[in-house]
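Heavy-atom basis, side chains included; hydrogens, waters and symmetry copies ignored.
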Number of protein chains: 2
Amino acid sequence: MVAQADDAVFRPVRTGNPFEETVERLLQAIKLGVVAPGERLPAERDLATRLNVSRVTLREAIHALTEAGYVESRRGRYGGTFVNEQLPKPRRTPARRIARELGDGLEDALTLRGALETGAAEAAAARELSVAEIDHLQRCLADTSAANLTDYRRFDSRLHLAIAEVTGSPSLTSAVADARMRLNELLDAIPLLSRNITHSNEQHEAIIQAILEGDQAAARAAMSEHLSGTATLLHGFLT
Amino acid sequence: MVAQADDAVFRPVRTGNPFEETVERLLQAIKLGVVAPGERLPAERDLATRLNVSRVTLREAIHALTEAGYVESRRGRYGGTFVNEQLPKPRRTPARRIARELGDGLEDALTLRGALETGAAEAAAARELSVAEIDHLQRCLADTSAANLTDYRRFDSRLHLAIAEVTGSPSLTSAVADARMRLNELLDAIPLLSRNITHSNEQHEAIIQAILEGDQAAARAAMSEHLSGTATLLHGFLT
DNA sequence: ACTCAATGGATCGTCGGCAGACCATTGAGT
DNA sequence: ACTCAATGGTCTGCCGACGATCCATTGAGT
């Protein structure tokens with residue numbers, strides 16, 4: 001008996017407390033570019049309901065993010081909690097240290113991400129997209145191409161998330177977002193080279209084109225190639 | 001703005017309470033065949049630690065499963081909680097009713113499952129498998145082929161889980177297990193035809209063979225075909 | 001016949017998170 | 001200048017989950 005199945009089924013039912021989870025989610029929204037700098041988060045009462053968390057807990061999470069410099073709250077009607085224009089710089093932990101901490105987790109995260117994102121690309125290509133969805137994809141693609149170095153990661157994440165969205169599968173979208181967040185710390189640790197960005201943009205274009213043409217095999221292949229590029233880069237910097 | 005990304009990121013941080021979650025996990029272990037009838041669950045103290053749940057909560061969950069007829073507990077050294085030889089028959093809820101309740105969730109679950117399991121098959125084929133892993137796979141394959149109608153679903157799940165296991169990615173394994181569970185109720189609602197089983201067994205063999213040969217494309221293709229068969233079957237019965 | 005380690009069974013105090021109600025502030029609309 | 005709806009900010013009582021501790025039972029080993 002290999003007994004790894006046990007580990008999968010008997011894994012912890014919950015990771016951390018609601019407070020920590022909530023902080024993580026809000027960070028996700030900011031770092032993945034779901035809520036852009038200057039934009040407003042949903043109202044506390046609304047957001048608490050959607051996150052299935054008490055308002056008290058949500059407020060504690062927001063407070064933490066305020067202290068960390070991510071958001072600011074304003075009272076009154078037309079008030080709310082807004083994402084700061086100037087986001088805190090990610091702490092550039094030395095790559096190797098992160099890699100050590102992650103350990104086998106790196107391979108794990110990359111494997112999961114590969115399965116999810118290639119699957120998403122294929123599924124997206126298989127769908128009949130609405131005009132709004134096509135616009136959304138192309139908008140994200142253009143934003144990413146036009147992004148400067150400091151914003152690149154966020155728009156890149158947003159684009160990948162957009163691809164997952166147009167599969168029409170909420171679960172798949174969520175899973176992609178989570179997988180992406182797991183790798184975010186790693187990605188912050190490696191330098192962004194403009195050569196890589198150029199290459200990345202070309203691949204993005206190929207992926208989107210294949211999706212819009214409905215070519216499932218091509219979409220999958222293009223995404224697969226794109227991801228393996230990142231994976232190789234990560235391996236290179238972390239070994 | 002398509003605004004579906006919000007739904008993905010601001011989804012509930014937790015589903016249900018620890019008690020319900022724990023019950024779900026234990027059912028998963030039983031229904032996916034991780035713990036076979038007659039076998040023993042891990043000791044309460046051990047299991048509670050692994051699930052990251054208090055022993056009290058775990059015991060309440062076990063109590064619920066005892067009343068439902070899934071397990072029985074025995075005291076003393078060499079005692080423990082054992083899975084019953086005769087499992088309760090799944091309540092054959094009319095398929096259409098389930099389909100209505102699930103709604104779009106069916107497509108969602110099928111999409112996610114497709115991405116995960118085809119990805120797992122490909123990843124498994126890409127790995128250099130140990131002798132133990134190969135044995136495990138072939139054992140699961142043989143068990144499934146030999147299973148009678150009442151046991152088939154469980155061994156089938158076990159085989160698919162085994163494929164995910166040999167990717168070496170715990171996250172992927174967990175995700176596959178969860179996706180499978182989401183579809184379990186549906187699968188219970190459609191009749192098992194021996195013709196379908198024969199077909200299924202042939203496909204299983206093709207998948208395993210491709211994995212053992214290290215042929216990634218073939219493994220993916222075989223899995224994809226296998227899954228689409230199930231998907232078609234489900235669609236047929238639920239429409 | 002006895003021992004004892006491993007297991008399930010039971011109880012109690014603590015605390016984090018929750019629901020609900022209420023207060024304070026803001027600014028567009030009138 | 002006033003109104004008021006929507007928002008963030010605060011407080012209180014309650015409950016579920018937790019950790020810890022002790023009890024009861026069993027049967028292989030001696």
Next item on the list: Between dT7(D), dG9(C), dG27(D), spot the one nearest the side chain of Arg45(A), thanks.
Entry: dT7(D)
Item checked: Below 4.0 Å: OP1/OP2 of dA17(D) and any side-chain N or O of Ser54(B) -> no
Next item on the list: Calculate the interatomic distance between Leu58(A) atom CG and dG9(D) atom C1'; express it in whole Å.
Entry: 13 Å
Note to self: What is the distance, to the nearest angstrom, from the CD atom on Glu44(A) to the C1' atom on dA24(C)?
What the structure shows: 13 Å
Next item on the list: Could you state the atom-to-atom distance from CG of Asn52(A) to P of dG17(C) in whole Å?
Entry: 14 Å
Item checked: Interatomic distance, Glu60(A) CD vs dG17(C) C1' [rounded to whole Å] -> 8 Å
Checklist line | Residue closer to the 5' end of DNA chain D, Gly79(A) versus Val56(A) (nearest nucleotide) | finding: Gly79(A)
Next item on the list: Determine whether more than 12 heavy atoms belonging to other residues, nucleotides or ligands lie under 6.0 Å from atom CD of Gln138(B).
Entry: yes
Margin query: For a side-chain contact (heavy atoms from CB on, under 4.5 Å) check, start with the C-alpha distance between Thr66(B) and Thr81(B), then their side-chain angles and the critical distance, and finish with the verdict.
Written below: CA-CA 9 Å; Thr66(B) 303; Thr81(B) 302; 5.7 Å; no
Next item on the list: Return the value, rounded to whole Å, for the distance between atom CZ of Arg55(A) and atom C1' of dA6(D).
Entry: 11 Å
Next item on the list: Check every atom of dA21(C), dT26(C), dT26(D) against the side chain of Arg75(B) and return the nucleotide holding the closest atom.
Entry: dT26(D)
Check: Do Asp151(A) and Arg158(A) sit within salt-bridge range, that is, some charged N less than 4.0 Å from a carboxylate O?
Finding: no
Item checked: d(CZ, Arg77(B); P, dG27(D)) in whole Å -> 13 Å
Item checked: Counter-base of dA28(C), judged by Watson-Crick or G-U geometry with both distances under 3.5 Å -> dT3(D)
Note to self: Would you compute the distance between atom NZ of Lys31(B) and atom CG of Leu87(B) and round it to the nearest 0.5 angstrom?
What the structure shows: 9.5 Å
Item checked: Basic-acidic side-chain contact under 4.0 Å: Arg11(A), Asp178(B) -> yes
Margin query: What is the distance, to the nearest angstrom, from the CZ atom on Phe82(A) to the C1' atom on dA6(D)?
Written below: 12 Å
Check: Glu72(B) has an atom CD; how far is it from atom P of dG9(C), in whole Å?
Finding: 11 Å
Notebook entry, point to check: Counting only side-chain N and O atoms of Thr57(B), is one of them less than 4.0 Å from OP1 or OP2 of dG16(D)?
Noted result: no
Next item on the list: Could you tell me whether Arg74(B) contacts a base, only the sugar-phosphate backbone, or nothing, with contacts defined as non-hydrogen atoms closer than 4.0 Å?
Entry: sugar-phosphate
Checklist line | Earlier contact from the 5' end, DNA chain C, for Asn17(A) and Gly76(A) | finding: Asn17(A)
Check: When you measure from the side chain of Arg59(B), which nucleotide among dT10(D), dA28(D), dA10(C) comes out closest?
Finding: dA10(C)
Checklist line | Pair partner, dG9(D) [Watson-Crick or wobble, under 3.5 Å] | finding: dC22(C)
